[in-house]
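The structure presented is a predicted model; accordingly, all values stated were derived computationally and were not measured.
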Amino acid sequence: MVSVEVHKEYGYVVLDLVLYALLNTWMSIQVGNARKKYKVPYPTLYATESDNKDAKLFNCVQRGHQNSIEYMPVFFVMLLVGGIQHPRIAAGLGALYIIARFFYFKLYSTGNPQNRLKPVGLSFLALFGLIICAASFGVNLLIRDWL
C-alpha cells in the first residue's frame with residue numbers, strides 16, 4: 001500500500017478546476033446567446049446552411065464549446081493526477097491550458113474556423129506537460145519501494 005500526501009499547493013490545482021468550470025459555463029452561455037442571435041432552436045446541435053444563412057457563424061461558436069468539452073476529461077484527469085506530485089507545475093500548466101482554451105473559443109467564435117488554430121499549440125503544450133506530470137507520478141508510485 002502506498003500513502004499519498006497532498007501538499008497545500010494542491011489548492012492551486014483545485015482552483016484551476018474551478019476556473020475551467022467557470023470558463024465552460026461562460027462558453028455555454030455564449031452558445032445559448034448564439035442560438036438566439038442566429039435563430040437555431042433546441043435540440044438542433046448544428047445549423048445547416050440550407051436552413052440558416054448564419055449557420056457557419058453559429059456552428060463556429062458551438063464547435064468552440066464542443067471541442068473544449070471533448071478535451072475536458074483528459075485535462076481534468078491529467079491535472080488532478082499530475083498535480084498530486086507536481087502541484088505548482090500542474091497548476092501553472094493548467095492555467096496556461098485554460099487561457100489557451102479561452103482564446104481558442106474567442107477566435108473560433110469569429111466565424112473563421114482557421115482562427116482557432118492560433119492558440120492550439122499552447123493548449124497542446126500545456127496538456128502534454130500535464131501528461132508528463134501524471135506519468136511521473138505513476139512511475140514514482142511504482143518505483144518508490146525500489147529506491
Side-chain angles (χ1 to χ4, degrees), residues 1-38 40-48 52 54-145:
M1 184 167 138
V2 175
S3 63
V4 177
E5 181 181 325
V6 178
H7 300 278
K8 72 176 188 171
E9 289 88 2
Y10 196 75
Y12 296 122
V13 172
V14 173
L15 291 176
D16 274 355
L17 286 178
V18 171
L19 187 58
Y20 196 86
L22 293 172
L23 175 63
N24 185 55
T25 300
W26 175 80
M27 285 188 285
S28 68
I29 291 168
Q30 302 312 304
V31 173
N33 291 340
R35 283 188 176 283
K36 292 175 190 166
K37 181 177 180 179
Y38 302 122
V40 179
Y42 287 104
T44 305
L45 189 58
Y46 296 107
T48 57
N52 188 322
D54 295 318
K56 185 176 180 181
L57 293 169
F58 171 77
N59 290 343
C60 284
V61 175
Q62 171 69 359
R63 274 304 303 153
H65 182 230
Q66 186 70 34
N67 185 265
S68 295
I69 291 171
E70 291 163 1
Y71 277 94
M72 192 176 356
V74 175
F75 171 60
F76 279 8
V77 171
M78 294 302 108
L79 177 66
L80 290 171
V81 172
I84 294 171
Q85 182 173 329
H86 307 284
R88 284 183 250 161
I89 294 169
L93 291 167
L96 178 63
Y97 183 82
I98 293 164
I99 291 166
R101 274 283 147 189
F102 170 79
F103 285 108
Y104 177 90
F105 179 81
K106 288 294 285 182
L107 292 168
Y108 207 159
S109 296
T110 63
N112 180 354
Q114 291 302 312
N115 287 342
R116 79 189 193 285
L117 301 176
K118 294 173 185 172
V120 164
L122 281 180
S123 64
F124 281 123
L125 177 69
L127 200 55
F128 185 68
L130 289 170
I131 291 168
I132 291 171
C133 287
S136 168
F137 176 59
V139 168
N140 283 331
L141 283 176
L142 293 172
I143 66 170
R144 185 174 280 179
D145 290 338

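Annotation: side chain of Leu22 is not in contact with side chain of Trp26 (no heavy-atom distance under 4.5 Å). Between Asn24 and His65 the shortest side-chain heavy-atom distance falls below 4.5 Å. Counting heavy atoms from C-beta outward, Lys106 and Ser109 have side chains that stay 4.5 Å or more apart.
We find the NZ-CG distance between Lys56 and Asn112 to be 6.0 Å, quoted to the nearest 0.5 Å. The CD1 atom of Ile132 sits 10.5 Å away from atom CG of Leu127, with the distance rounded to the nearest 0.5 Å. Atom CZ in Phe137 sits 10.0 Å away from atom CG in Leu142 (nearest 0.5 Å).
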Which pairs of donor and acceptor atoms, one on a side chain in residues 81-103, lie under 3.5 Å apart (sequence neighbours left out)?
residue, atom, partner, partner atom, Å
Gln85, OE1, Asn140, ND2, 3.1
His86, NE2, Ser136, OG, 2.9
Tyr97, OH, Arg101, NE, 3.4
Arg101, NH1, Asn67, OD1, 2.8
Arg101, NH1, Ser68, OG, 3.2
Arg101, NH2, Asn67, OD1, 3.1

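Across every non-hydrogen atom of Cys60 and Tyr108, the tightest pair is CB-O, 3.1 Å. Closest non-hydrogen pair, Thr110 versus Leu57, comes out as O-CD2, 4.0 Å. For Val31 against Phe58, the heavy-atom pair with the smallest separation is O-CE1, 4.0 Å.
Judged as a side chain to side chain contact (heavy atoms under 4.5 Å, CB included), and not counting sequence neighbours, the contacts of Tyr46 are Asn59, Gln62, Arg63, Gln66.
Just one residue in the list Phe76, Phe124, Tyr20, Tyr104 forms a ring pair (Phe, Tyr, Trp, His ring centres under 6.0 Å) with Tyr71, and that residue is Phe124.
Between the Arg35 side chain and the Val40 main chain, a donor and an acceptor come within less than 3.5 Å of each other.
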